[in-house]
Amino acid sequence: MRNSETNKTLYTMVYAAMIAAIYVVLTMVFAPISFGPVQFRVSEILCVLPFFTPSAVPGLFIGCLLSNLFCGAALLDVVFGSLATLIGAAGSWYLGKRSRWLVCVPPILANMVIIPWVLRYAYGSPDLIPFAMVTVGIGEVLAVGVLGNLLLVTLERYKGMLFRRSLV
């Protein structure tokens, strides 16, 4: 492998690991509000990071997977909750190449559609699926749509220092 390819791989792995670690820490610190039918997962603000680097896609997936494992989530939640984050992150990366304002849409939709089913079948939540879609959707809109957009605008000012697009 050439030196530039080695550097690119190393940067990708480091960015993904850092994003995963931050996701885990934010989820664990705010664990009481990160789970349940009415949830506000602060770590979801990181779902805007695929706009800056594709390394965020595996980082968010691994971060969600580890968060769910460490916080004692049910197996269905570990699997399908993490897949919802992966789908949302991949969609953010794809749409982020077209418009920065579309970056927040995939994580909101993926979680709004998938998580209510997880709550029903993994935890036996008595809430109706449409009601859970609304409550999970509100949490996602606040976390990703509002706080995530604030993070995106802030990071855009410093992206040259934080994300080396030529390498990642």
Side-chain angles (χ1 to χ4, degrees), residues 15-74 76-96 99-120 122-123 125 127 129-159 162-163:
Y15 279 131
M18 287 188 326
I19 291 166
I22 294 167
Y23 191 102
V24 170
V25 168
L26 286 173
T27 303
M28 292 180 82
V29 166
F30 296 101
I33 60 171
S34 295
F35 296 92
V38 179
Q39 57 182 261
F40 181 72
R41 193 173 275 204
V42 175
S43 50
E44 287 287 301
I45 66 172
L46 301 176
C47 287
V48 299
L49 295 180
F51 176 76
F52 299 103
T53 176
S55 303
V57 175
L60 291 166
F61 172 69
I62 292 166
C64 183
L65 182 82
L66 292 174
S67 295
N68 288 342
L69 281 172
F70 293 160
C71 291
L76 283 173
D77 196 0
V78 172
V79 172
F80 290 101
S82 302
L83 285 174
T85 298
L86 178 61
I87 291 166
S92 290
W93 174 77
Y94 180 77
L95 290 179
S99 169
R100 101 176 146 156
W101 301 114
L102 295 176
V103 171
C104 297
V105 174
I108 293 169
L109 291 178
N111 283 290
M112 204 169 110
V113 170
I114 295 169
I115 300 304
W117 296 96
V118 171
L119 294 172
R120 166 65 65 83
Y123 301 104
S125 175
D127 294 332
I129 298 295
F131 177 75
M133 287 179 168
V134 170
T135 61
V136 170
I138 289 169
E140 284 294 307
V141 166
L142 292 173
V144 182
V146 176
L147 294 178
N149 265 315
L150 288 173
L151 178 65
L152 185 128
V153 169
T154 303
L155 290 177
E156 254 190 328
R157 294 182 190 153
Y158 304 102
K159 74 179 173 188
L162 296 171
F163 304 100

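One-based numbering along the sequence shown. Since this is a predicted model, take the numbers as computed values, not measurements.
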**Complete:** Paired with I19, the side chain to side chain contact (heavy atoms under 4.5 Å, CB included) test is passed by just one of V57, L60, I62, namely L60

**Prompt:** When you measure from the centre of the six-membered ring of F35, is the NZ or CZ of R41 under 6.0 Å away and within 45° of the axis?
**Reply:** yes

**Item:** Interatomic spacing from CD in E140 to CE in M133 - rounded to 0.5 Å
**Value:** 13.0 Å

**Asked** Do the side chains of L65 and V78 get nearer than 4.5 Å, heavy atoms only?
**Response** yes

**Asked** With sequence neighbours excluded, what pairs up with S92 under the side-chain contact (heavy atoms from CB on, under 4.5 Å) test?
**Response** P50, V103, P106, P107

**Message:** Within this structure, what is the CD1-CZ distance for the pair I138 and F40, rounded to the nearest 0.5 Å?
**Reply:** 12.0 Å

**Item:** Check against side chain to side chain contact (heavy atoms under 4.5 Å, CB included), V42 and V29
**Value:** CA-CA 9 Å; V42 175; V29 166; over 6 Å; no

**Asked** How long is the gap from OG on S125 to CZ on F131, to the nearest 0.5 Å?
**Response** 9.0 Å

**Message:** So which atom in L76 and which in A122 form the shortest heavy-atom distance, rounded to 0.1 Å?
**Reply:** CB-CB, 3.7 Å

**Asked** What distance separates L26 CG from I45 CD1, expressed to the nearest 0.5 Å?
**Response** 6.0 Å

**Complete:** Between S67 and V24, the two heavy atoms sitting closest are OG-CA, 3.3 Å

**Item:** Residue pair D127 / R120: nearest heavy atoms and the distance that separates them
**Value:** O-NH2, 2.9 Å

**Message:** Could you go through L46 and L49, starting from their C-alpha distance and side-chain angles, then the distance that decides it, and tell me whether this counts as side chain to side chain contact (heavy atoms under 4.5 Å, CB included)?
**Reply:** CA-CA 6 Å; L46 301 176; L49 295 180; 3.9 Å; yes

**Minimum heavy-atom distance R100-V153, with the two atoms named** = NH1-CG2, 4.0 Å

**Closest heavy-atom pair and its distance - S82, N68** = OG-ND2, 3.9 Å

**Request:** Check for a donor-acceptor pair, side chain of D77 on one end and backbone N or O of A73 on the other, with a separation under 3.5 Å.
**Result:** no

**Request:** Could you grab the distance from atom CG of L151 to atom CZ of F51, nearest 0.5 Å is fine?
**Result:** 12.0 Å

**Prompt:** Are E44 and I108 side-chain neighbours, meaning at least one heavy-atom pair lies under 4.5 Å?
**Reply:** no

**Message:** Within this structure, what is the CG-CD1 distance for the pair L119 and I129, rounded to the nearest 0.5 Å?
**Reply:** 8.0 Å

**Asked** When you look at E156 and F52, which way does the side chain to side chain contact (heavy atoms under 4.5 Å, CB included) test go after all the steps?
**Response** CA-CA 8 Å; E156 254 190 328; F52 299 103; 3.9 Å; yes

**Request:** Test I115 against F80 for side chain to side chain contact (heavy atoms under 4.5 Å, CB included), laying out the working first.
**Result:** CA-CA 8 Å; I115 300 304; F80 290 101; over 6 Å; no

**Item:** Contact summary for A74 and Y123, nearest pair of heavy atoms
**Value:** N-OH, 3.0 Å

